[in-house]
Amino acid sequence: MPKIVVKNLDNKIISSNEMSVSILKMLQDNFIDWMHACGGKGRCTTCKAIILEGEENLSPLTVHEKRFAEMNALKANERLTCQCIIEKGEIIIKVPETSKLPHMKYSD
């Protein structure tokens, strides 16, 4: 069962009974607002997350993520939540400063 810990949302823990689900879908299914300006189509980087732990539990980079990485718009420890699939286990993520929403209370 995939599990996400969102470090700067007071270590909020969410899980899903679905296997191979995107980070964004799992966040939305658990009623966590997360910026995604292009509607989750991999056309921007507003939904990116910083991966603190568990990168080995994620799918390989998608074509969209590779493109943004080549443009230096995604760092090595960042993934697009709309594209990245949690294949197994647990990940620990953080919302980047540039993607924080004004109505959310962050713990860092």
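Considering only heavy atoms from C-beta on, Ile32 stays 4.5 Å or farther from Ile4 through its side chain. Between His36 and Thr81 the shortest side-chain heavy-atom distance does not fall below 4.5 Å. Side-chain contact between Lys12 and Asn30: absent, with no pair of heavy atoms (C-beta onward) separated by less than 4.5 Å. Side-chain atoms of Met19 and Pro2, non-hydrogen and from C-beta on, do get closer than 4.5 Å to each other. In this structure the side chain of Lys94 reaches within 4.5 angstrom of the side chain of Asp108, judged on heavy atoms.
The shortest non-hydrogen separation linking Glu87 to Pro60 is OE2-CD, 4.3 Å.
Asn8 places a side-chain N or O within donor-acceptor distance of the main-chain N or O of Val95, the cut-off being under 3.5 Å. A donor-acceptor pair is defined here as one N or O able to donate and one able to accept, closer than 3.5 Å; no such pair exists between the side chain of Ser59 and the backbone of Cys84. The main-chain N or O of Ala37 is found under 3.5 Å from a side-chain atom of Thr46 such that the two form a donor-acceptor pair. Checked by atom type and distance alone, the side chain of Asn57 pairs as donor or acceptor with a backbone atom of Glu90 at under 3.5 Å.
Of the residues listed (Lys48, Arg79, Gln83), the one engaging Glu65 in a side-chain hydrogen bond (donor to acceptor under 3.5 Å, both in side chains) is Arg79, and it is the only one. Screening Ile14, Ile13, Ile93 against Val5 for a side chain to side chain contact (heavy atoms under 4.5 Å, CB included) leaves a single residue, Ile13.
Under a 4.5 Å side-chain heavy-atom cut-off, the cluster of Ile, Leu, Val, Met, Phe, Trp and Tyr residues that includes Val63 has no other member. Applying the 4.5 Å side-chain rule to ILVMFWY residues, one finds that Phe31 remains a lone member of its cluster.
One hydrophobic cluster, built from ILVMFWY side chains closer than 4.5 Å, holds both Tyr106 and Trp34. Clustering ILVMFWY residues whenever any of their side-chain heavy atoms sit less than 4.5 angstrom apart, transitively, puts Ile23 in the very cluster that holds Met104. Under the 4.5 Å side-chain heavy-atom criterion for grouping Ile, Leu, Val, Met, Phe, Trp and Tyr, Val21 is connected to Val6 within one hydrophobic cluster.
Enclosure of atom NZ in Lys100 by more than 12 non-hydrogen atoms of other residues, nucleotides or ligands within 6.0 angstrom is indicated. Crowding of Arg67 atom CZ: a count of heavy atoms from other residues, nucleotides or ligands under 6.0 Å exceeding 12.
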